[in-house]
Amino acid sequence: MGLVRILLPLPRAAARWAPEKGGPLLGAALSSCAAPSLVGLPPPSPARRLAWAEEAVATYRATTDMEGLTRALSLRAHALLLSGRFEEAYGAVEEAAGVWAGHGGAEVAAGQLGGPGGEVAGGQAPGADAEATAGPTAGAGDAGAAAQAGRVVDGMAAVQAGGAGDEVPAVQAGGPVGEVPAGHAGRGADGAAGVPGARADIGDDDAVLGADKASVVVGAFLGDLRAQALAGLGRGEDAVPVARASVAAYRRLSTPDRRDRALGSLPGALRTYGMLLAAVGRHEESVAVYEECAALLAAMSLRELAHVELVRPQVLAELVGVLRASGRHQDALGVGPEAREALRGPLAWTVPETVLPLRVRLLVDLARCHTATGDPAEARVCAVAAVAEARKPHGTGELTSALDCLADVLAELGQTDKESTTRRELAALRDT
């Protein structure tokens with residue numbers, strides 16, 4: 001991507017002098033900049049991604065390359081999500097979906113992407129999720145569910161933070177969670193992996209099986225983006241079935257070519273789906289999805305992991321959170337060491353704005369779990385570490401949560417003086 005960006009003046013000149021041939025070349029170069037593929041380096045800012053994507057859209061509009069235009073519109077929607085502009089992102093997804101449907105995506109649209117109102121395959125209304133088995137929303141009104149819902153909005157823009165680095169491996173995850181038996185790789189959304197609340201028929205159309213691969217990839221990506229935009233707009237219930245259909249579409253794909261890596265991945269789509277299930281209180285289903293995603297990531301080679309380097313620590317840390325929300329404190333503590341290890345290393349330097357808040361939340365979750373399992377001393381260690389991390393520049397948004405956790409742990413230990421000091425700081429922080 002760096003070399004392409006440096007050489008952008010060349011395709012820009014070509015587009016001016018020979019628009020018919022130079023336009024698609026410039027559009028492809030700009031799209032590459034908007035979805036960087038280099039791993040281990042800080043990603044460009046959302047503002048820069050958006051500028052490149054908008055220029056790519058304008059370039060492709062002057063050509064007959066509708067596939068390129070669809071991809072550029074999708075990348076524009078992604079950049080708007082990264083910027084937190086959810087309303088505009090939703091509109092951008094709608095525009096991209098319209099172009100996509102007119103360029104060969106109409107045959108598969110019903111199985112992958114909701115319509116203009118967010119509707120999904122088979123005429124199912126958004127949020128209806130008719131096959132869900134979870135029953136009444138669990139804990140939707142309590143503080144834990146509210147906190148989880150807040151995390152979804154915080155985390156949505158980072159789902160695809162690697163841009164082109166989200167590669168889908170050819171291997172399916174093994175083990176008891178996420179196992180897909182041989183010959184079942186084409187099954188619908190979560191039925192293939194035993195995830196509850198799934199529609200096994202989504203994506204099973206012969207039309208999808210015979211569709212052009214590029215069209216299926218674009219449809220899957222647009223579905224994931226639509227789910228993220230709906231979540232950002234506070235429409236979590238509407239987003240769940242859309243995310244589930246996106247997962248179904250990604251399941252049908254083998255390892256993508258280099259260009260398709262810009263259009264999301266199965267691990268990224270599973271993470272979106274897991275976060276949304278947790279946000280609407282369906283914690284056990286969320287755990288199953290996160291566990292499948294973790295198993296899928298564990299089955300990847302080092303080369304494959306390099307292209308989803310940010311997804312793995314996010315999935316592990318968030319799995320701890322949903323296990324805690326489900327009351328499975330010991331299981332959460334079992335995942336904790338792996339999650340902490342995943343959040344160390346180069347990622348902490350290249351994307352501290354994502355890693356540091358995630359690390360604080362993980363430490364708070366672990367502290368709460370240690371308290372619940374009768375180990376206040378270890379809870380104090382985690383809570384103190386959470387506060388220390390939250391005092392760093394990129395962690396300040398989590399300082400209130402960390403201080404609240406530390407105060408509760410100190411109260412559990414009977415250290416009333418330190419608890420009072422912590423609560424005074426917490427009160428002053430909330431008043432500002």
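No experiment lies behind these values; they were computed from the predicted model shown.
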Would you check if the side chain of [X] reaches a backbone N or O of [Y] as a donor-acceptor pair within less than 3.5 Å?
X    : Y    : answer
S401 : E398 : no
T396 : K392 : no
S246 : A220 : yes
S74  : T70  : yes
T421 : D417 : yes
T371 : P376 : no

Would you be so kind as to tabulate the donor-acceptor pairs closer than 3.5 Å made by side chains of residues 330-339, with sequence neighbours excluded?
from : atom 1 : to   : atom 2 : distance (Å)
D331 : OD2    : R328 : NE     : 3.0
D331 : OD2    : R328 : NH2    : 3.2
E338 : OE2    : R312 : NH2    : 3.1

[Y] side chain reached by [X] side chain, heavy atoms, under 4.5 Å:
X    : Y    : answer
L69  : L73  : yes
E309 : P346 : no
C293 : Y273 : no
L410 : L406 : yes

### Query
Only one of L263, V99, V57 forms a side chain to side chain contact (heavy atoms under 4.5 Å, CB included) with R71, so which one is it?
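Result: among L263, V99, V57, L263 is the only option passing the side chain to side chain contact (heavy atoms under 4.5 Å, CB included) with R71.
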Nearest-0.5 Å distance, [atom1] of residue [X] to [atom2] of residue [Y]:
X    : Y    : atom1 : atom2 : answer
L50  : H78  : CG    : NE2   : 11.5 Å
L297 : L270 : CG    : CG    : 8.5 Å
L225 : L230 : CG    : CG    : 11.0 Å

For [X] against [Y], the heavy-atom pair lying closest together:
X    : Y    : result
L343 : A348 : O-CB, 4.1 Å
F86  : Q228 : CD2-O, 4.4 Å
L403 : L429 : CD1-CD2, 4.1 Å
V247 : A269 : CG2-O, 3.6 Å
D65  : Y60  : OD2-CE2, 3.5 Å
L26  : E55  : CD2-OE2, 4.4 Å

### Message
Tell me if the CD atom of E87 is crowded by more than 12 foreign heavy atoms within 6.0 Å.
### Response
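Not more than 12 within 6.0 Å, no.
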### CZ (R340) with more than 12 external heavy atoms under 6.0 Å
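Check fails, neighbour count at 12 or below.
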Would you call [X] and [Y] a salt bridge, using N to O less than 4.0 angstrom?
X    : Y    : answer
E341 : R359 : no
D375 : R380 : no
R251 : E292 : yes
E95  : R61  : yes

### Identified salt bridge (charged side-chain N to carboxylate O under 4.0 Å, His left out) counterpart of E318 within the set R324, R271, R361
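One option only clears the test, and that one is R271.
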